[in-house]
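Counting from 1, the numbers follow the sequence of the chain as shown. Only heavy atoms go into these numbers, but all of them, side chains included; no hydrogens, no water, no symmetry mates.
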Amino acid sequence: MNAFDRDLGKSDGMAVLHYGDGEYAVLSPGRFVLCAVSNKQIPLEALRYWSPEHQEAYTGPAEALKRWQGA
């Protein structure tokens, strides 16, 4: 399952994802995930940055870099 699948948004709440290299699997459907750094909601259709190693999502490249730097 990915962001283009029809059943992705059946729930209006937070999705639960498994982050892989270059794609993610939806474990529990929802409309958004939370950024691990800023705690902002990220709509699944806008999700571009995540860490398979840490299993967390990021709002953008600045947040991903901040997490990578350990801040």
State the [atom1]-[atom2] distance between [X] and [Y], to the nearest 0.5 angstrom.
X	Y	atom1	atom2	value
Asn39	Glu63	CG	CD	11.5 Å
Glu23	His18	CD	NE2	11.0 Å
Tyr58	Trp68	OH	CH2	12.0 Å
Arg48	Thr59	CZ	OG1	13.0 Å
Arg67	Leu65	CZ	CG	12.5 Å

Query raised in the report: Between the side chain of Gln55 and the main-chain N/O of Tyr19, is any donor-acceptor distance below 3.5 Å?
Result: yes
Query raised in the report: Does Gly20 offer a backbone N or O that forms a donor-acceptor pair with the side chain of Trp50 under 3.5 Å?
Result: yes
Query raised in the report: Are the side chains of Leu17 and Leu47 in touch, meaning some heavy atoms are under 4.5 Å apart?
Result: yes
Query - Gln41 side chain near Leu34 side chain, heavy-atom distance below 4.5 Å - result: yes
**Report entry** Nearest heavy atoms of Leu44 and Gly30, plus distance in Å
**Finding:** CD1-O, 3.4 Å
**Report entry** Connected via hydrophobic side-chain network under 4.5 Å: Val33 and Tyr24
**Finding:** yes
